[in-house]
Protein chains: 2
Amino acid sequence: MDFSNNTIDRICRIFGYLTVLEKKGIDFISSKELAEAIGATEYTIRKDFSTLNFKGYTRRGYAVKSLKNKIGDKFLLNQKRRACIVGLGRLGTALLDYEKFQEDGFEIIAGFDISINKIERIQTDIDVFAISRLPDIVKSKNIELGIITVPGEAAQKVADILIKAGVKGILNFSPAKINVPQSIVHLDKDFTSALRFIAARFMVERK
Amino acid sequence: MDFSNNTIDRICRIFGYLTVLEKKGIDFISSKELAEAIGATEYTIRKDFSTLNFKGYTRRGYAVKSLKNKIGDKFLLNQKRRACIVGLGRLGTALLDYEKFQEDGFEIIAGFDISINKIERIQTDIDVFAISRLPDIVKSKNIELGIITVPGEAAQKVADILIKAGVKGILNFSPAKINVPQSIVHLDKDFTSALRFIAARFMVERK
DNA sequence: GTATATTAGTGAATAAATTCACAGATATAC
DNA sequence: GTATATCTGTGAATTTATTCACTAATATAC
Ligand SMILES: NC(=O)c1ccc[n+]([C@@H]2O[C@H](COP(=O)([O-])OP(=O)(O)OC[C@H]3O[C@@H](n4cnc5c(N)ncnc54)[C@H](O)[C@@H]3O)[C@@H](O)[C@H]2O)c1
Ligand SMILES: NC(=O)c1ccc[n+]([C@@H]2O[C@H](COP(=O)([O-])OP(=O)(O)OC[C@H]3O[C@@H](n4cnc5c(N)ncnc54)[C@H](O)[C@@H]3O)[C@@H](O)[C@H]2O)c1
């Protein structure tokens, strides 16, 4: 079966929230509370779960641990994913050192940059390499995800290199939209568009 | 009239792309090319423009400059927006120094942090202050947008402070979901959820 | 033990978003 | 100057997503 982007997006947020609940030692959660936590409605969430065949308990809700495992199994969020970061500027290095990725199931295996200077001076526990080494390292270290933090002009080129090297998914933080084959999952996350969205939304609200 | 989030999101991306086209000196653009550039279909875009009453020219498409201005006027993306960043860690400082925000119409007026130590050591052209000064500064400098880059645990508290100080929109990069009154426009941008989305999407694809 | 309140599950209804299909306009080719 | 290909604009059709409305189950209160 196939699921809509909306459903998958909700499921991923729910997964994150379940992680929090689990840490807090909370055992059951209702569709209503889940809805509130991720910004959706209880109906949508029950519908999602219904479609996915995730069952809850009358008057108690959904069992946190079990639900988290079911989601993890179904969407393969239980297993660690191996990622790399290309472009070790301000944003790239911030991401490189973000330890929480690790506990969230994403392991940053390597960083790459075109500037040898940068590679040599960078202070981090993660291995960093010249971009020329990318194909080799992505293959040998089985890296599945590429995170692009190079300037917009270089984004497409980097995407091509990543895909050729064998990554299966790309998260692109540059403002450029990248073109990738259908088989590669990718997401463009442009902060400026996000800010504009807020500005535009706000203005529309006032009318 | 009111527009859907989807429409506004597309419009913001189109606005960004029009900026690029303008710089390149391209005068006309078709719905098809726009669609391709932002990852939508030509139908949707023509429908959006139809609803918004943005007219194009047969066999030529839409006039780049004029369209950009119309969008800018309608959604108030032409005027500079004043923003601040709260939480000057790795992500916050990366954003603080991102000059491109300026040319994209967002001016980072100030940065805030709870750690006086950090405030004192930080190297940047932007003014940085202790969080206690936020209400005062947001008001006196007319700051409209708050960007949250504090740890998840502090996000809600910071959101409350920002709102009380008078910001009208919030972009939250922490993994916590924040609760804000209806009148405040806000967006939660959690990188981990984005990575999970890719991982989940990818796995679904394979099935 | 019974009544009550809460919560899931789901087909049906509704609403929203997208796509289609085609008429109308016009730049371009020849 | 005419034919042709291309591109917009928009109601209608379709598809997708959400919400409703109600049944069933059961924990909790008393
Ligand atoms: N810094 C921010 O807060 C911020 C905000 C919004 C968007 N962005 C976007 O994120 C991206 C990175 O931003 P930044 O501020 O970190 O930029 P930066 O200039 O600090 O870093 C970019 C890095 O990419 C490297 N690079 C350039 N071309 C490369 C290539 N072909 N292969 C490998 N590495 C290459 C550079 O050497 C540099 O280290 C940009 O696209 C930017 O528009 C950044
Ligand atoms: N670094 C990344 O690449 C990255 C990636 C994904 C998500 N995030 C999220 O972005 C946020 C910032 O991440 P980071 O890596 O920059 O963290 P960081 O720990 O480097 O910085 C956080 C900053 O917030 C400040 N702070 C804490 N409480 C505050 C308060 N109440 N008021 C004002 N300032 C306060 C701290 O002093 C610190 O300077 C976090 O929520 C994190 O989960 C970061």
Side-chain angles (χ1 to χ4, degrees), chain A residues 1-14 17-18 21 26-71 74 182 197 200-201 204-205, chain B residues 1-14 17-18 21 26-71 74 182 197 200-201 204-205:
Chain A
M1 198 181 323
D2 205 11
F3 305 100
S4 71
N5 282 349
N6 285 0
T7 294
I8 294 188
D9 184 70
R10 282 191 293 267
I11 291 292
C12 290
R13 288 168 187 277
I14 287 171
Y17 189 60
L18 291 173
L21 291 176
I26 291 169
D27 291 332
F28 286 90
I29 184 83
S30 71
S31 54
K32 203 170 171 186
E33 287 170 284
L34 274 178
E36 174 132 314
I38 68 153
T41 69
E42 51 176 320
Y43 315 116
T44 317
I45 286 180
R46 287 211 298 276
K47 188 57 115 184
D48 284 341
F49 287 179
S50 173
T51 311
L52 283 157
N53 222 266
F54 296 160
K55 303 287 183 194
Y57 299 90
T58 297
R59 272 217 55 161
R60 284 193 292 165
Y62 302 88
V64 171
K65 272 210 180 66
S66 141
L67 180 59
K68 178 161 173 281
N69 284 335
K70 276 185 202 148
I71 291 177
K74 185 103 184 179
Q182 275 261 309
F197 180 92
R201 235 299 137 243
V204 171
E205 302 277 300
Chain B
M1 197 184 318
D2 205 9
F3 305 101
S4 72
N5 282 350
N6 285 0
T7 293
I8 295 187
D9 184 69
R10 281 191 294 267
I11 291 292
C12 291
R13 287 168 188 277
I14 287 171
Y17 189 59
L18 290 173
L21 291 176
I26 291 169
D27 291 331
F28 287 90
I29 184 83
S30 70
S31 54
K32 203 171 172 184
E33 286 170 286
L34 274 178
E36 175 132 314
I38 67 154
T41 70
E42 50 176 321
Y43 316 116
T44 317
I45 286 180
R46 288 211 298 278
K47 189 56 119 186
D48 284 341
F49 288 179
S50 171
T51 312
L52 283 156
N53 222 267
F54 296 159
K55 303 286 183 194
Y57 299 89
T58 297
R59 271 218 57 160
R60 283 195 291 167
Y62 302 88
V64 171
K65 272 210 181 67
S66 142
L67 180 60
K68 177 160 174 282
N69 284 335
K70 277 184 200 148
I71 292 178
K74 185 102 184 180
Q182 276 261 309
F197 181 92
R201 236 299 139 244
V204 171
E205 302 277 301

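A quick note: this is a predicted structure, and the numbers were derived from the prediction, not measured. Lettering follows sequence order; numbering is per chain, from 1.
For B:Glu42, the side chain to side chain donor-acceptor pair (under 3.5 Å) partners are B:Arg46, not counting sequence neighbours. Qualifying ring-ring contact (aromatic ring centres under 6.0 Å, His included) partners for A:Phe28, counting only residues two or more places apart in sequence or in other chains: A:Tyr57. Scanning for ring-ring contact (aromatic ring centres under 6.0 Å, His included) contacts around B:Tyr17 gives an empty result, with sequence neighbours left out. Scanning for salt bridge (Lys or Arg N to Asp or Glu O under 4.0 Å) contacts around A:Lys68 gives A:Glu22, with sequence neighbours left out. Under the side chain to side chain donor-acceptor pair (under 3.5 Å) criterion, A:Ser50 pairs with no residue at all, not counting sequence neighbours. Remark: A:Ser4 engages A:Thr7 in a side chain to side chain donor-acceptor pair (under 3.5 Å) (not counting sequence neighbours). Listed by chain and number, the residues in a side chain to side chain donor-acceptor pair (under 3.5 Å) with A:Asn5 are B:Arg201 (sequence neighbours excluded). Listed by chain and number, the residues in a ring-ring contact (aromatic ring centres under 6.0 Å, His included) with A:Phe197 amount to none (sequence neighbours excluded).
Among the protein residues, A:Ser4 comes within range of the sugar-phosphate backbone only, with heavy atoms under 4.0 Å from sugar or phosphate atoms but none that close to a base.
The distance between atom CG of A:Asp48 and atom C1' of D:dT16, rounded to the nearest whole Å, is 13 Å.
You'll find the ring centres of A:Phe49 and A:Tyr62 inside the 6.0 Å limit.
For the helix from C:dG1-D:dC30 to C:dC30-D:dG1, the rotation axes defined at the first and last 5 base pairs enclose an angle of 30°, given to the nearest 10°.
With a cutoff of under 4.0 Å to any heavy atom of chain A, the contacted region of DNA chain C is bounded 5' to 3' by C:dA5 to C:dA12.
At least one side-chain nitrogen or oxygen of A:Thr44 sits closer than 4.0 Å to the OP1 or OP2 atom of D:dT19.
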Considering only nitrogen or oxygen atoms on both sides, find all protein atoms under 3.5 Å from nucleotides 6-11 of chain D and state each distance.
from	atom 1	to	atom 2	distance (Å)
D:dC7	O4'	B:Arg59	N	3.3
D:dT8	OP1	B:Ser31	N	2.8
D:dT8	OP2	B:Ser31	OG	2.7
D:dG9	OP1	B:Gly56	N	2.6
D:dG9	OP2	B:Gly56	N	3.4
D:dG9	OP2	B:Tyr62	OH	2.8
D:dG9	N7	B:Arg46	NE	2.9
D:dG9	O6	B:Arg46	NH2	3.1
D:dT10	OP2	B:Ser50	OG	3.0
D:dG11	N7	B:Lys47	NZ	3.0
D:dG11	O6	B:Lys47	NZ	3.4

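Sorted by first then second residue, the salt bridge (charged side-chain N to carboxylate O under 4.0 Å, His left out) pairs that include residues 47-62 of chain A, not counting sequence neighbours, are A:Arg10-A:Asp48.
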